[in-house]
Amino acid sequence: MGRIINMASVAGTLGGFGQASYATTKAGIIGLTKTMALEGARYGINCNVVCPGIINSESFQLIPPDMRERLAKRTAFRKPGEPEDVANAIVFLASDKPNTLLELYSMFQGGLNFLLLAGKFIF
């Protein structure tokens, strides 16, 4: 069983003011992953995309504190996700556990969107 794990961003699903080119490229990765999931399944290849949102990264720390606070308040948990959250999802997707998991959108944005599995809510 092969694994392909692409990285995109929640911007590819939600867009963002002043982020036309960034959101477009991330949406393209999501669309590519959907096609790869459909085409790869017959060969035993799982294809998934991880779409981090507001993550407590080095780049997040460069944002002015008042804006970081506003961004965090937009999430259900009212705080940014941690890089380890994203890493743990990638480790899971790369493991042999998700044998028939295709087209999983791992949205790590603290509740700005829902985790979707093949178009169905799983949370």
I need the [X] [atom1] to [Y] [atom2] distance, nearest 0.5 Å.
| X | Y | atom1 | atom2 | value |
| --- | --- | --- | --- | --- |
| Glu39 | Leu32 | CD | CG | 9.0 Å |
| Leu62 | Arg68 | CG | CZ | 8.5 Å |
| Thr24 | Ile29 | OG1 | CD1 | 11.5 Å |

List the atom of [X], the atom of [Y], and the distance in Å for their closest heavy-atom pair.
| X | Y | value |
| --- | --- | --- |
| Met7 | Ile90 | SD-CD1, 3.7 Å |
| Ala94 | Ile5 | N-CD1, 3.6 Å |
| Pro52 | Val50 | CD-O, 3.3 Å |
| Leu71 | Ile54 | O-CD1, 3.3 Å |
| Gly12 | Ala27 | O-CB, 3.4 Å |
| Ser9 | Cys51 | C-CB, 3.7 Å |

Crowding at CD, Gln61 (>12 non-hydrogen neighbours, <6.0 Å):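 Correct, the count exceeds 12.
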Side-chain heavy atoms of Lys26 within contact of Thr13, under 4.5 Å: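 Lys26 vs Thr13: side chains apart.
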Side chains of Pro83 and Ile55 in contact at under 4.5 Å (non-hydrogen atoms):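 In short, these two side chains touch, coming nearer than 4.5 Å.
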Whether Arg78 side chain and Ala72 backbone form a donor-acceptor pair below 3.5 Å: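 Answer holds: no.
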Heavy-atom donor-acceptor pair, Asn88 side chain to Asp85 backbone, under 3.5 Å: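 Not a single qualifying donor-acceptor pair exists.
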Set of residues satisfying side-chain hydrogen bond (donor to acceptor under 3.5 Å, both in side chains) with respect to Ser59, sequence neighbours excluded: Ser57
